[in-house]
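One structure is given below, encoded as structure tokens.
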Amino acid sequence: MIDTPTLVDQYCHGVLRTELGLGTFEARLGAQLGGTAALPAAGTTFFDTQTGFAVRRWCPPLLGLEPHCPPARYLARRRELGVAEAGRRLLRASGISTYLVDTGLPGDLTGPAEIAAAGAAEAHEIVRLEPLAEQVADTSGTVEAFLANLAEAVHGAAAEAVAFASGAGVRRGLAHTPEPPGPGEVRGAAGRWLAGRAAGDRLTDPVLLRHLLWVAVTAGRPLQLHTGDRDPSAVAGFATATAGLGADLVLLHAYPYHREAARLTAVHAHVYADLGPVLAHTGARAAAALAEVLERAPFGKLLFSSGAHALPELHVVAASTFRSALSRVLGDWVADGAWSRTDAQRVATMIAGDNARRVYRLGPAVSPRW
Amino acid sequence: MIDTPTLVDQYCHGVLRTELGLGTFEARLGAQLGGTAALPAAGTTFFDTQTGFAVRRWCPPLLGLEPHCPPARYLARRRELGVAEAGRRLLRASGISTYLVDTGLPGDLTGPAEIAAAGAAEAHEIVRLEPLAEQVADTSGTVEAFLANLAEAVHGAAAEAVAFASGAGVRRGLAHTPEPPGPGEVRGAAGRWLAGRAAGDRLTDPVLLRHLLWVAVTAGRPLQLHTGDRDPSAVAGFATATAGLGADLVLLHAYPYHREAARLTAVHAHVYADLGPVLAHTGARAAAALAEVLERAPFGKLLFSSGAHALPELHVVAASTFRSALSRVLGDWVADGAWSRTDAQRVATMIAGDNARRVYRLGPAVSPRW
Amino acid sequence: MIDTPTLVDQYCHGVLRTELGLGTFEARLGAQLGGTAALPAAGTTFFDTQTGFAVRRWCPPLLGLEPHCPPARYLARRRELGVAEAGRRLLRASGISTYLVDTGLPGDLTGPAEIAAAGAAEAHEIVRLEPLAEQVADTSGTVEAFLANLAEAVHGAAAEAVAFASGAGVRRGLAHTPEPPGPGEVRGAAGRWLAGRAAGDRLTDPVLLRHLLWVAVTAGRPLQLHTGDRDPSAVAGFATATAGLGADLVLLHAYPYHREAARLTAVHAHVYADLGPVLAHTGARAAAALAEVLERAPFGKLLFSSGAHALPELHVVAASTFRSALSRVLGDWVADGAWSRTDAQRVATMIAGDNARRVYRLGPAVSPRW
């Protein structure tokens, strides 16, 4: 048996404080899968997905029900316990001992301190760059003030946060070139954006998004990049451009391009890859997806996460799926003689948490070098 | 055991009425695999492919021979029975109870009524858009008449056909933008095409192909799109542009981008994915390919098909491969405790036919909702 | 048991003549994985990769040690034997009977004759196009002389070499169009390159690289193309443009796009695919990667190679991994009834060496046609 004692969830969000019914719970499942529609297609349900089946496999027993019980029965039990108690039971059973929490998404979500308390765990903040820039824009009167305040805000956040995350940066900011925009280009883009925006408007300008990524790179903390479920070739150019500057890049959400993301971690010393949704969204197929990531990535470059948002069930599903997949994949390789048991246990401990502890400087790593 | 009692083949073509020899049969195998050359490379044969091996596995026993017998022996037995009797035996053993037949490819192929009679099954017509537009062009004297007749022909076909299919639409029509072309642009393209064409010329103009897709979308029937064996990102833009307009999109032939196609079905309520050539062309690997499609697609969004053309052996291979793969993949997940047996049987029934019955309004669905 | 008696390694490089320490050996592992950094990331090692684990699985027993022994112990034993004796033991245990050697990479590497002697095998030369062009440029005084000498050098090499290889041709030369550049365009590019270059400068001009590929195509020998670990769609256009001209194309290094490369071998009669790094770099996952390549490629179109460079351990790992993977994948299909044992043995013999013997005209093929 390969053992994965405690997990560091290197990328997740908080959980909702409000009670959920069958429809609102299902909508959250659909959103987690990347759905753009509020409702599933007529005649279908988001429960009929690997994630839906995985929730029904792993979570009902934690609330005293049979695995695979119908969604309505599970939701009834969840309401009976109350959202806080259900969340506590779920998070405490997940095996996650440290949560790194991206606090930049809207909604009535618990913050790092609440997650830590509910889960009897540690938690640290990840600062999302786009909302930070939007807040700075809300309070800056001129282009010069905005740009100065933005740099100050990013560097200030770097003192507290364990990492930065960017949502739209890769998809919109790096589509054409990875290079930092020139000062005049940045001032022009900032002037147009500030002149046209109302308070609360989202940052979508490609030049400002690219500028923001480069400001974050100079702040020296690891930078987590949503690769937008598309071919990470835009990321490849950014990786080349940022080599040797001191900030690590962590590629999030690469499925179905997770093999390409894993390959980039072998090519670039400062590039890491996340395992989150690659495993959490594939349910019964997670072992196969994990095995694909393990083809080309150096084992010191992979980081467990849940990528969970809003539902503590998603933290549980990610952790349970990961542990089950890791144990199966590495166990099979040991049984075949392809890996030694010692190596397999060492790699499991690295991916489960020690790599994250090293990259985010969370505390002493446990796994031995040679 | 997971049971898949009857299949709806949601996309196929008719079968040849002429007798075939070893060389002509092999050429059909090569064409099915996407080959552009009439002949295989020197020293190789199209029988040495997964499809060739799958034909030799599943079909000889249906004609009274040993599985895996040499191609020449199989072809001799086929000629002994005659093309009609061999076709009847093969189709009736396939387990397909409903065929949706794209009638738009050239060649001496049986139509829906003949397939239904040969296979003791139902059959319905899928209207292929490009040949329809070419027929309209053959009989329209002016640009205005062509465009009016085209709209009328598409809406007229929608009253009879279960779906539309487009072959070149994605590859050539959506390469640059998914948006509908403006009226002036369409008139200009139609004028140039009509002026330059001889009767029978194929439609390849990108603007007219895009116009044709948008006319079909307004007709309200499901629109089946050949994704051209390439990255379905062009389809992704079209899916975003057509959301909420009432026509479903069904992605055909996505291999090796079937995971991306499956993911699009999770993102867009009106997008579905076909399993046809993904399974029919991968033979001994079909279970692995099916499992990949099942990673991210909601299970209500997947549709069995054969994609078969010209050879009834290809209908048999697709159906046998699908049933065998589905039973193995879902059976393994049940054995692991990842899925419940009830869920597995329900999902099997959905993909085998009930999803197609709902999308194409073929009759009552059997599989229960929650 | 599926048997793969002797292997033709259809693409490799020579091995280093110098002794290696732990750090220099690890750097070679990193380079083989495509790494651009001289050093692994802090806290990680290139030994913690599938390739590193595969070296520790297969090689220590050939030098009298336990499998999976620590890297330092293995390197100590290697130095104790000496680089020449260790190389002989490793290569002779690989089961490779014929090496095709790309001699165009810099470094103190053994040539074909030395590899043949060390490995008790045959060896033939593959001529790499870019260094050949650079040598011609070093010795040609004018544009006219350069272009004439280049054509003569390529056609002269074709008389001796078994194949040509191109490293940068696809990535830089075919990025925009696959068509041969016109004579004026070539003269202009040659003039600019010759005027600006110092002796020894590398060829990176896209027009000259494309010209070079087309000169090689007219020489009639197989042309091996590094696809640069990216989507082989640039190769697809070149395959269409070169159909019927008499030169075969062999796609190298397609991972993670090996399924797309395999599909191209089904579409184009003159296109072949290499199995080298797809298997050699995936270690415990090689059987899964091999199975993916076998989905769509005609079995007469696949060629074993090691892709090994500098370390004889990499020839051993590739050969051992390939044999183990092939035996497992085909053996499972026979056990399932999907393939006959006769077919499986025939396909194994084809991929292990007979396909290469036919494509490179190395001697009589062993595997029977129907």
Side-chain angles (χ1 to χ4, degrees), chain A residues 231-233 236 239-240 243-244 248 256-272 288 290-302 329-330 332-344 346-347 350-351 354-355 357-359 361 365 367-370, chain C residues 22 26 29-54 56-58 60-61 66-75 229-231 253 255-259 277-279 281-289 292 320-321 324-325 328:
Chain A
D231 186 344
S233 55
T240 301
D248 290 326
Y257 299 103
H258 47 289
R259 281 170 147 172
E260 179 63 13
R263 199 186 66 80
L264 289 177
T265 71
V267 172
H268 300 283
H270 67 308
V271 174
Y272 293 78
L290 173 65
E292 291 180 341
V293 174
L294 289 171
E295 287 168 5
R296 290 292 286 272
F299 310 131
K301 296 299 209 70
L302 296 176
V329 169
L330 302 194
D332 282 354
W333 293 343
V334 171
D336 286 348
W339 286 27
S340 74
R341 178 165 303 277
T342 307
D343 282 333
R346 196 168 53 84
V347 169
M350 288 162 64
I351 300 176
D354 277 3
N355 289 339
R357 287 187 190 97
R358 186 181 70 247
V359 170
R361 300 174 208 158
S367 57
R369 286 293 307 272
W370 297 101
Chain C
L22 195 58
E26 184 185 352
L29 280 183
Q32 185 80 11
L33 294 170
T36 57
L39 295 172
T44 75
T45 156
F46 291 130
F47 282 108
D48 279 347
T49 56
Q50 291 285 3
T51 302
F53 281 22
R56 289 173 51 228
R57 173 192 195 176
W58 298 108
E66 289 293 300
H68 303 296
C69 75
R73 191 187 316 169
Y74 178 75
L75 269 296
D229 293 323
R230 64 196 62 195
D231 186 343
H253 291 217
Y255 182 94
Y257 299 102
H258 46 290
R259 281 170 148 171
V278 173
L279 305 190
H281 295 177
T282 55
R285 280 285 295 175
E292 291 181 341
S320 303
T321 301
S324 156
R328 168 181 298 206

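Here is the naming used below: chain letters follow the sequence lines, and residue numbers restart at 1 for every chain.
Contacts with chain C were tallied for Gly300(A), Ala269(A), Ala288(A); Ala269(A) has the most, counting heavy-atom pairs under 4.5 Å. Among the candidates Ala262(A), Pro298(A), Ala236(A), the residue making the largest number of heavy-atom pairs closer than 4.5 Å to chain C is Pro298(A).
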Practice problem: Take Phe53(C) and Phe299(A), measure what side-chain contact (heavy atoms from CB on, under 4.5 Å) needs, and give me the verdict at the end. | Solution: CA-CA 11 Å; Phe53(C) 281 22; Phe299(A) 310 131; 3.8 Å; yes

Quiz item: So Thr44(C) and Arg358(A), side-chain contact (heavy atoms from CB on, under 4.5 Å) or not? Walk me through it.
Solution: CA-CA 10 Å; Thr44(C) 75; Arg358(A) 186 181 70 247; 3.3 Å; yes

Exercise. Go through the steps for Trp333(A) and Gln50(C) under the test side-chain contact (heavy atoms from CB on, under 4.5 Å), then give the verdict.
Key: CA-CA 11 Å; Trp333(A) 293 343; Gln50(C) 291 285 3; 3.3 Å; yes

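Rounding to the nearest 0.5 Å places OG1 of Thr49(C) at 11.5 Å from CG of Leu294(A). One distance of note links CZ of Arg56(C) with CH2 of Trp339(A); it measures 10.0 Å at 0.5 Å rounding. For the atom pair NE2 of His68(C) and CZ of Arg341(A), the computed distance is 11.5 Å after rounding to the nearest 0.5 Å.
Of all heavy-atom pairs spanning Val267(A) and Leu33(C), the tightest one is CG2-O, 4.4 Å. Contact record, Phe46(C) with Ala266(A): CE2-O, 4.3 Å, taken as the closest heavy-atom pair.
Salt bridge Arg328(C)/Asp336(A): present, at least one basic N to carboxylate O contact under 4.0 Å. Arg346(A) has a carboxylate O that lies under 4.0 Å from a charged side-chain N of Asp48(C), or vice versa, which qualifies the two as a salt bridge.
Interface residue Glu292(C): only side-chain heavy atoms are found under 4.5 Å from chain A. Looking at Val271(A), neither its backbone nor its side chain comes within 4.5 Å of chain C, counting heavy atoms on both sides.
Annotation: side chain of Arg296(A) is in contact with side chain of His281(C) (closest heavy-atom distance under 4.5 Å).
Using modelled atom types, no side-chain atom of Glu260(A) and backbone atom of Pro256(C) make a donor-acceptor pair closer than 3.5 Å.
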